[in-house]
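Only this structure's heavy atoms are used, side chains among them; waters, hydrogens and symmetry mates stay out. Note that ligands are numbered from 1 as they come in the structure, with each ligand's atoms numbered from 1 the same way.
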Amino acid sequence: MTVSIALFTRDLRVHDNPVLHAAATSAEHVIPLFVLDPAITGGSFNRPNRAAFLADSLHDLDANLRELGGRLVVREGEVAEVVATLADEHDVAEVHVAGDVSAFAHRRETALRQRLQQSRRELRVHDASITVVPPGAITPSGNDHFAIFTPYYRRWAAERKRPVLAPPERVSLPKVRAGTLPKTADICTGDTAPDLPAGGERAARDLLRHWLDGPVDDYGSSNDDLAGDATSRLSAHLHFGTLSATELVSGAHGSPEFVRQVCWRDFHHQVLAARPKSSTQDYRGHGDRWRRSEKDLTAWQEGRTGYPIVDAGMRQLLREGWMHNRARLIVGSFLSKTLYLDWRLGARHFLDHLVDADVANNQLNWQWVAGTGTDSRPNRVLNPILQAKRYDPEGEYVRRYVPELGKVAGAAVHEPWKLPEAMLKDFGYPKPIVELKEGLDRFRAARGKD
Ligand SMILES: Cc1cc2nc3c(=O)[nH]c(=O)nc-3n(C[C@H](O)[C@H](O)[C@H](O)COP(=O)(O)OP(=O)(O)OC[C@H]3O[C@@H](n4cnc5c(N)ncnc54)[C@H](O)[C@@H]3O)c2cc1C
């Protein structure tokens, strides 16, 4: 009898899963394993919104594996130790795991390899599981990664993608104790966002079907329409791997604008893989000496800056654990440029609340917005009023998330300070915490651009 282990990390699905597929075809029996590692549950990345999504996803994965004749095996403990012990108990020949790019993932892979080597067992790492094109698989001449998106995208688009894999026909377990599927509270305590989406592969596949059935065709013309909410909302599923990016791209090939956007995800992963320190250190420093202001930071976090479009984005984050990409760009520029506060503070707040947050996409998008990353125009500053009028022309998005301004019709909602003083007071909405010109002058001076 041969046994393999499929170690799930952030590939919590049975469809198009190279790890599960290889483990199930390389041995007669497979142990589909998830390990709750205290290094994760005790770390600063573990937050209620993602914990709830993870718990949903694990329960759903278990249900999907049961339909294939198996179930999810759960253990708690240090991952390399747990896997090695289980491998010894069942005389496992191969352990399969997805390749990943964060510093934690690198440490996990090294520890697993070393620990398994002690008992001459093999670790097989599947690099095209989390991204479409494995990080490092394509490089420009003379560099170990692409630092500019457009040339990366050209090469990425031309690259041959692996075929989409069907779920294994059968998942046959050896006799093994299943362990206990965790509830959200077992992973992390604290309040979740009131309108948090559900996790799990079934929810992902419902969204995918709906998305590919029509909305994806309009992506190029509507992805920046804040009120239209016309993006896929698949980001958390891509983060937890309840949907495979390869399958998404393969199904969406008729919408090149959408596929190009998904490519940003691979782009940031290959930057982080080559420059692990860019999760905390400037990718391209400008010698910034960021301001410090608890008051400004709190106003931004709570959505009380006095700029309705910024506040709407920040409150969407608190309500849903998710924010529209255009709003992320606006609030990010506002924090790091208009307020000139350290991008790491913004990234930290996003990590605390975003259900889709991951190190590559969050930290490197923050660096892009702050001009310390891969943006070729690092000193551009988004004017929140112009952005609001362009991407929320009727003010609908703002009224949805800033109810105090619910009675202000049309685009007037973007400049409440122009309303009669008494009316504004009645609404209880704050005055702007900074003049835009003051913020712009300060930023330009700091970057030596005045
Ligand atoms: C400051 C800031 C922080 C961000 N933090 C994250 C994060 O932690 N996690 C995250 O997944 N995305 C992040 N993004 C990127 C983007 O905002 C989200 O991926 C997107 O809003 C998710 O919604 P959607 O699934 O409807 O996207 P869609 O527009 O439908 O796009 C489809 C998929 O493409 C990928 N994608 C789209 N845009 C980007 C991008 N700019 N960078 C990387 N991948 C992208 C995502 O996986 C997304 O789900 C951030 C952007 C900014 C400006």
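Near Leu329, with a cut-off below 4.0 Å to any heavy atom, the atoms of ligand 1 are 53 (C). Near Leu354, meaning under 4.0 Å from one of its heavy atoms, ligand 1 places the atoms 5 (N), 8 (O). Close approach of ligand 1 to Met323 is summarised as follows: ligand atoms under 4.0 Å from at least one heavy atom of the residue are 21 (O). Those atoms of ligand 1 with a heavy atom of His268 less than 4.0 angstrom away are 42 (N), 43 (C). Atoms of ligand 1 found under 4.0 Å from any heavy atom of Arg265 (numbered from 1 in listed order, with element): 43 (C), 44 (N), 47 (O).
Of all heavy-atom pairs between Ala198 and Ala203, the closest is O-CB, 4.0 Å. Smallest separation of non-hydrogen atoms from Ala24 and Pro168: CB-CB, 3.9 Å.
By the 6.0 Å and 45° rule, Lys295 does not stack over the aromatic ring of Trp300. The cationic group of Arg344 does not satisfy the cation-pi geometry with Trp366, failing either the under 6.0 Å distance to the six-membered ring centre or the 45° limit from the ring axis. With a 6.0 Å cutoff to the six-membered ring centre and a 45° limit on the axis angle, Arg75 does not count as a cation-pi contact of Phe34. Note that Arg155 lies outside the cation-pi zone of Phe146, set by a 6.0 Å cut-off to the ring centre and a 45° limit from the axis. Cation-pi check for Arg326 over Tyr391 is met; the charged atom lies under 6.0 angstrom from the ring centroid and within 45 degrees of its normal.
For Trp322, the closest heavy-atom approach to ligand 1 falls below 4.0 Å. Residue contacts with ligand 1: Tyr219 is included, with a non-hydrogen atom under 4.0 Å away. Taking a 4.0 Å cut-off on heavy atoms, Phe258 registers as neighbouring ligand 1. For the pair Gly332 and ligand 1, no heavy-atom separation below 4.0 Å is found. Contact between Asp358 and ligand 1 is present, with at least one heavy atom of the residue lying under 4.0 Å from the ligand. Using a non-hydrogen distance threshold of 4.0 Å, Gln261 registers as a contact of ligand 1.
Considering Leu207, Asp229, Leu335, Asn365 only, the shortest heavy-atom separation from atom 50 (C) of ligand 1 involves Asn365. Of the candidates His237, Gln363, Arg233, it is Arg233 that places a heavy atom closest to atom 26 (O) of ligand 1.
Between Thr231 and ligand 1, a contact under 3.5 Å exists for at least one N or O pair. Any N or O atom pair closer than 3.5 Å counts here, and Leu234 shares at least one such pair with ligand 1.
In summary, the side chains of Tyr283 and Gln363 do not present any donor paired with an acceptor at a separation below 3.5 Å, with no hydrogens or angles considered.
With respect to atom 17 (O) of ligand 1, the closest heavy atom belonging to the protein is Asn325 OD1, 2.7 Å. Nearest to atom 10 (C) of ligand 1 among the protein's heavy atoms is Asn361 CB, 3.5 Å. For atom 19 (O) of ligand 1, the closest heavy atom belonging to the protein is Ser235 CB, 4.1 Å. When only non-hydrogen protein atoms are considered, atom 5 (N) of ligand 1 lies nearest to Asn362 OD1, 3.3 Å. The shortest contact between atom 46 (C) of ligand 1 and any protein heavy atom is with Leu238 CD1, 4.2 Å. If you check which protein heavy atom lies closest to atom 30 (O) of ligand 1, you get Ser232 OG, 2.6 Å. Protein heavy atom in closest approach to atom 9 (N) of ligand 1: Asp356 O, 3.0 Å. In this structure, atom 13 (C) of ligand 1 lies nearest to the protein heavy atom Arg328 NH1, 3.2 Å.
Side-chain contact between Pro430 and Thr305 is absent, with no heavy-atom pair separated by less than 4.5 Å. Taking the side chain as every heavy atom from C-beta outward, Phe8 and Leu61 approach each other to under 4.5 Å.
Centroid-to-centroid, the aromatic rings of His268 and Trp368 stay 6.0 Å apart or farther.
The aromatic rings of His349 and His353 sit tilted, their planes meeting at an angle between 30° and 60°.
In summary, Arg205 and Glu247 engage in a salt bridge, as defined by a charged side-chain N under 4.0 Å from a carboxylate O. No salt bridge links Glu396 with Arg399; every basic N to acidic carboxylate O contact stays at or beyond 4.0 Å.
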